[in-house]
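Quick note on labels: first sequence line is chain A, next is B, and so on, each numbered from 1. Nothing here was measured: the structure is a model prediction, and the numbers come from that model.
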There are 2 protein chains.
Amino acid sequence: MNKTISDIASIAGVAKSTVSRYLNGGSVSENTRRKIEHVIKEHHYVPNTFAQSLKARKTNIIGTVVPRLDSFASSQTLIGIDEELRNVNYHMLISNTSQDFEREIEAIYNFARQKVSGIILLAAQVKEEHLTAIKECVVPVLLVGQQHPDLHSLIHDDYKAGYMMGRHILEKGHRRIAYLGVTEKDISVGVRRKEGFKKSLEGSSCYVQYYETGFKMTDAMVTTAHILDEYDPSIIVCATDNIALGVMKAASVKQIDIPRDLSVTGFGGYDVTEIVHPALTTVQFQYKEAGKRAAQNIVRLVREEEIEDVTMMDFVLHDRESVDKQ
Amino acid sequence: MNKTISDIASIAGVAKSTVSRYLNGGSVSENTRRKIEHVIKEHHYVPNTFAQSLKARKTNIIGTVVPRLDSFASSQTLIGIDEELRNVNYHMLISNTSQDFEREIEAIYNFARQKVSGIILLAAQVKEEHLTAIKECVVPVLLVGQQHPDLHSLIHDDYKAGYMMGRHILEKGHRRIAYLGVTEKDISVGVRRKEGFKKSLEGSSCYVQYYETGFKMTDAMVTTAHILDEYDPSIIVCATDNIALGVMKAASVKQIDIPRDLSVTGFGGYDVTEIVHPALTTVQFQYKEAGKRAAQNIVRLVREEEIEDVTMMDFVLHDRESVDKQ
DNA sequence: CTGAAAGCGCTTACAG
DNA sequence: CTGAAAGCGCTTACAG
């Protein structure tokens, strides 16, 4: 495991350039090929990747910057990226930033030092510093989950998802609606979903109140208490599954029966939404497929092939038990 | 970003060895220090890690082999490892094997090629090939979640957890018990938990039936149907939270009220267990802390400091709503 | 087909 | 404190 190409060469009685050629598929006579092959097997020789990369001045590594490891969306996306990258002979390197902005920027520079050939960026917001870092590092970047005019990106169709959800609950007869969203700093989740939702309601005779809460389930539980105090909606449309779960928990604490007394919907399509009782009506995004697609796109970018500026992923609306017919 | 140490040296008008010395904290006069600093800043110079590692013949990278990315236990452990490693100036590299044995072995060799200074192995089973790979790669390894005589390991106290769970449900008055376990190939989950549980029941007057199912929620749902057909337990003790959720789902489908008609418990302490209704009685393992501890241990191993062969992590039993008093 | 040599970007004794 | 030189393990023209 600690032999070098020179060792192998001298044991096999050839020049190291010949071994290198053997390794890289250059022309080698059948005879020397066998000799080298044998020596390599015997000594379990594996080339030192650093030396290789130093020469090549690039790697077949794609760095992925991820805000958190413990979310369904993140892990599914990562799995997709990893699987697809493996298919095309690339490796994935993960850098978790724990939702810390500084670390995100740092991660980009670190990846550049490690000479990754491309970076997939899962970020909730793209700031000036991101752009600067990307420019300085001269490395292809694919933004996933958000959109930005200066960057190639891959997004879920949040607007349409919001729209479809609106149509859906309207069809179910709901007219007193609470929409429980998140900060507008998050364009996809905070703005797009809500905008799509609003749009679907245009011209209908319903009444909507908009609320904002945090991403955590506990935040949602607290906010739900407020909502229920001041307003009596027939349904709470939540911007994420997590928030919806918080609403459900808050309701169960208050002995409010879902969906009889109150309907709830989410967005995301997390596995749990099927498990909880009642099963949650939600929009399921295709995270794993998005990951695969992201991998394909970044590799194209690395190879300087053309890709569309924005790749849009589809979704599925699951009509389940948490919404009652009014 | 693409300048080399030579560039910096010539621009600053010094030798590259001086720049290197500056970079590595060697003695440099105040004057040259300023010059170099200025040039580096201006050109955004960052040393090439490959060249560095090539010289150093090692890195400050710890490779982590993980069977899956989409489990609560995995992600929490990874987060813990990452956080702690960052504190001690190491980096984490993740290799996901999607529970594919071949890939696990491959990952070890790959990490070795990349000259990681240590490997943290989250594996359900340790086979001969693992040991061979580890031996050949001459790299420190820490096994997490399982135990093996030839390896340093960090484990959760599954035996004691099983034992405590047994005591707990006995105290609650349960006497007709079903234990829904998993394959004994998984020593921690399949054997230890069950053994501890069995032990706690010794001398008590209860009746227990042991069943086996897969790790997936859907497997558990199917098995639960069988159990309920042939046996009428007052409680089903499940080897994992996932399985317990499957049981709960199966029960809700059959209109069986939990905990009134049937009690359920899990192991793991996943976040969802608090969300579902009724909240699940379970043992919460300290995954994140385990990750941190694992990071500390592997670094000690890398530095050739002493650590105990087996590090045992503690747990907390959460007494919640899914278990009824009999 | 094969080998000697140069060079990738760094670090580390060794002189001065 | 500073610089010239050698070397880490590989690859790639260039000759032969």
Rounded distance (Å) that lies between atom C1' of D/dC10 and atom CD of B/Gln114
16 Å
Determine: side-chain N/O of B/Tyr22 to OP1/OP2 of C/dC10, distance under 4.0 Å, yes or no.
no
Would you tell me if any nitrogen or oxygen in the side chain of A/Gln52 comes within less than 4.0 Å of OP1 or OP2 on D/dG9?
no
Send over the distance from A/Glu30 CD to C/dC1 C1', rounded to a whole Å.
13 Å
Using a heavy-atom cut-off of 4.0 Å across all strands, would you classify B/Ser17 as base, sugar-phosphate, or nothing?
base
Picking from C/dA5, C/dT11, D/dC8, which would you name as closest to the side chain of B/Leu54?
D/dC8
Using atom NZ of B/Lys3 as one end and atom P of C/dG9 as the other, report the distance to the nearest whole Å.
12 Å
B/Glu30, CD atom: more than 12 neighbouring heavy atoms under 6.0 Å:
yes
Candidates D/dT11, C/dC10, C/dG3 - which lies nearest the side chain of A/Ile5
D/dT11
Tell which nucleotide pairs with C/dA4, taking only Watson-Crick or G-U wobble pairs whose two distances are both under 3.5 angstrom.
none
For the side chain of B/Thr4, counting heavy atoms from C-beta on, which of C/dT2, C/dC10, D/dC10 is nearest?
C/dC10
Spacing of A/Phe285 atom CZ and A/His156 atom NE2 [to the nearest 0.5 Å]:
7.0 Å
Test side chain to side chain contact (heavy atoms under 4.5 Å, CB included) applied to A/Leu93 and A/Phe111, step by step:
CA-CA 9 Å; A/Leu93 222 146; A/Phe111 276 148; 3.6 Å; yes
Nearest heavy-atom pair of B/Gln146 and B/Asp186: which atoms, and what distance?
NE2-OD1, 3.0 Å
Roughly, in whole Å, what's the span from NE2 in A/His43 to P in D/dG9?
16 Å
Taking the side chain of A/Ser27 as its heavy atoms from C-beta onward, which of C/dA5, C/dC10, C/dC1 lies nearest to it?
C/dC1
Rounded to whole Å, the CG-P distance (B/Asn60 to C/dT11) equals 13 Å
Are OP1 or OP2 of D/dC8 and a side-chain N or O of A/Asn48 less than 4.0 angstrom apart?
no
So which one's nearest nucleotide on DNA chain D is more toward 5', A/Pro47 or B/Thr18?
B/Thr18
On DNA chain D, more 5' by nearest nucleotide between B/Arg21 and A/Ser20 is B/Arg21
Taking any strand in view, what nucleotide pairs with C/dA13 in a Watson-Crick or G-U wobble way, both distances under 3.5 Å?
none
Let me know the distance between CZ of A/Phe50 and P of D/dC10, rounded to the nearest Å.
12 Å
Looking at A/Arg103, is its backbone amide N or carbonyl O close enough to the side chain of A/Thr97 to form a donor-acceptor pair, meaning the two atoms are under 3.5 Å apart?
no
When you look at B/Glu289 and B/Arg293, which way does the salt bridge (charged side-chain N to carboxylate O under 4.0 Å, His left out) test go after all the steps?
CA-CA 6 Å; B/Glu289 287 68 27; B/Arg293 194 64 187 278; over 6 Å; no
Among C/dG7, C/dA4, D/dT2, which is the nearest nucleotide to the side chain of A/Lys55?
C/dG7
Whole angstrom is fine here: how far is it from NZ in B/Lys35 over to P in D/dG3?
8 Å
Could you state the NZ-C1' distance from A/Lys16 to C/dC1, rounded to the nearest angstrom?
19 Å
Under 4.0 Å between any heavy atoms, over every strand shown, what does A/Thr32 touch: base, sugar-phosphate, or nothing? Just pick one.
sugar-phosphate
